[in-house]
Amino acid sequence: RIKERAGEPLIRIAKRDSLPLWRAWGVRLIAVLLALLVNAAFIYSVTGLDPIAVYGVMWGGTFKSSYSFMTTLRDMVMLLCIGIALAPAFKMKFWNIGGEGQVLIGALATALVMIYAGDKLPSWLLIVAMFLAAVAAGAFWAFIPAYFKAKWNTNETLFTLMMNYVAINIVDCLTNIWRGAKSSMGTINTATQAGWFPKLFGYRFSLNIIIVFVLAILMYMYLRYTKHGYEISVIGESENTAKYVGINVKKAIIRTMLLSGAICGLA
């Protein structure tokens, strides 16, 4: 029988320092299976459909052709890109809920470059300009809440969340202005294809997939093996400890959010 010691709870959950590889992957597999079971129960209770048949349609829609698989992979890596962007901020316990706004502002900057420089720059230089504009815009949008957090200790969750709505309305406004004259159904430079990614392996979005997978590796190395990554971990564990060992917490917050916003803009 488990006896409760004085001042200690009866049951306590603690993170393991290390876990064997086979057990770590076993936990992941069990989590996926549980998710499928819970989702199957939800599908049946709400729709009355056979969950196995629903899963079959999902599987077929993903793997029935190379194009459908690549399309699924394209959508997956875009979500992965946003996850990569949010990872350093979340690890630092800075709750950046403004990924949506940072992505939108990055997209807005990309559209600006495509519309107003599409007929003035060669294709490769236009794409470079689009990348730089998107990264700079996303970083700027993330810098605002980071600065307020570092300067006045504002609540970053509310601040970044509210900035999503500001970004949505700015994009809505400019989309209404541009629609018809410069774009159709959200597609820019349809006739000239200026600023469009080149086709690789038969698909125009193959470059998206390559960039994001490379970015995932670089982010892993950044968080695990660099000084800045170490500082992020220390701040996430204890801000007071970080200050005690000489880490400039305010500077780290701004630097990390600039990186987070830049990658959101890149998405």
Side-chain angles (χ1 to χ4, degrees), residues 21 24-40 42-43 51-91 96 98-111 113-114 123-124 126-128 130-135 137-138 171 183 185-190 193-224 259-267:
L21 184 62
W25 282 102
V27 169
R28 292 179 174 90
L29 179 61
I30 292 171
V32 171
L33 292 175
L34 285 174
L36 291 173
L37 288 173
V38 172
N39 197 40
F42 179 78
I43 290 170
I52 303 299
V54 173
Y55 287 149
V57 172
M58 292 170 62
W59 179 271
T62 302
F63 298 103
K64 68 179 179 180
S65 68
S66 60
Y67 182 81
S68 60
F69 173 72
M70 288 295 290
T71 302
T72 303
L73 196 61
R74 176 201 64 190
D75 296 341
M76 182 189 76
V77 298
M78 286 299 97
L79 295 175
L80 174 62
C81 186
I82 298 171
I84 293 168
L86 300 179
F90 276 38
K91 190 169 185 179
N96 180 16
E100 179 183 5
Q102 292 150 28
V103 171
L104 283 172
I105 291 298
L108 184 64
T110 303
V113 174
M114 289 184 73
S123 183
W124 68 270
L126 180 62
I127 291 176
V128 171
M130 288 158 51
F131 270 70
L132 294 176
V135 167
V171 171
S183 65
M185 298 300 291
T187 305
I188 301 174
N189 297 342
T190 307
Q193 295 189 358
W196 291 29
F197 277 2
K199 283 188 176 182
L200 293 176
F201 313 112
Y203 301 99
R204 196 173 295 280
F205 47 77
S206 298
L207 192 57
N208 301 38
I209 298 170
I210 294 171
I211 290 171
V212 174
F213 274 113
V214 171
L215 193 61
I217 296 171
L218 293 176
M219 180 58 73
Y220 172 79
M221 296 175 64
Y222 174 79
L223 292 176
R224 191 173 181 86
L259 176 63
S260 185
I263 299 176
C264 276
L266 181 65

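Heavy-atom basis, side chains included; hydrogens, waters and symmetry copies ignored.
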Taking atom [atom1] as the centre, does [X] end up with more than 12 heavy-atom neighbours from other residues, nucleotides or ligands that are less than 6.0 angstrom away?
X	atom1	value
M221	CE	no
R224	CZ	no
F42	CZ	no

So, taking the atom named [atom1] in [X] and the one named [atom2] in [Y], what distance separates them when rounded to the nearest 0.5 Å?
X	Y	atom1	atom2	result
I210	F197	CD1	CZ	10.5 Å
L73	M78	CG	CE	10.0 Å
L86	Q102	CG	CD	7.5 Å
M76	M70	CE	CE	10.5 Å
I105	T110	CD1	OG1	11.0 Å
M114	N189	CE	CG	5.0 Å

Residue of the set V212, V103, I84, L215 for which side-chain contact (heavy atoms from CB on, under 4.5 Å) holds with L266: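 Exactly one pass, corresponding to L215.
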Side chain to side chain contact (heavy atoms under 4.5 Å, CB included) evaluation trace for V77 with F205: CA-CA 11 Å; V77 298; F205 47 77; over 6 Å; no
Looking only at non-hydrogen atoms, find the nearest pair between [X] and [Y] and report the distance.
X	Y	value
G61	S68	O-CB, 3.2 Å
A85	S260	O-OG, 2.6 Å
S206	L200	OG-O, 2.6 Å
I43	P51	CG2-CA, 4.5 Å
I127	P198	CD1-CD, 4.3 Å

Using only atom types and a distance under 3.5 Å, with no angle test, would you say the side chain of [X] pairs donor to acceptor with the backbone of [Y]?
X	Y	value
T62	F69	no
Y55	L36	yes
W196	I188	yes

Parallel, tilted or perpendicular: ring planes of Y203 versus Y67, cut at 30 and 60 degrees: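 Aromatic pair Y203/Y67 classed tilted.
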Heavy-atom side-chain contact between I263 and C81 under 4.5 Å: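 Yes, side chains in contact.
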Candidate pair F131 and I211, rule side chain to side chain contact (heavy atoms under 4.5 Å, CB included), full reasoning: CA-CA 12 Å; F131 270 70; I211 290 171; 3.8 Å; yes
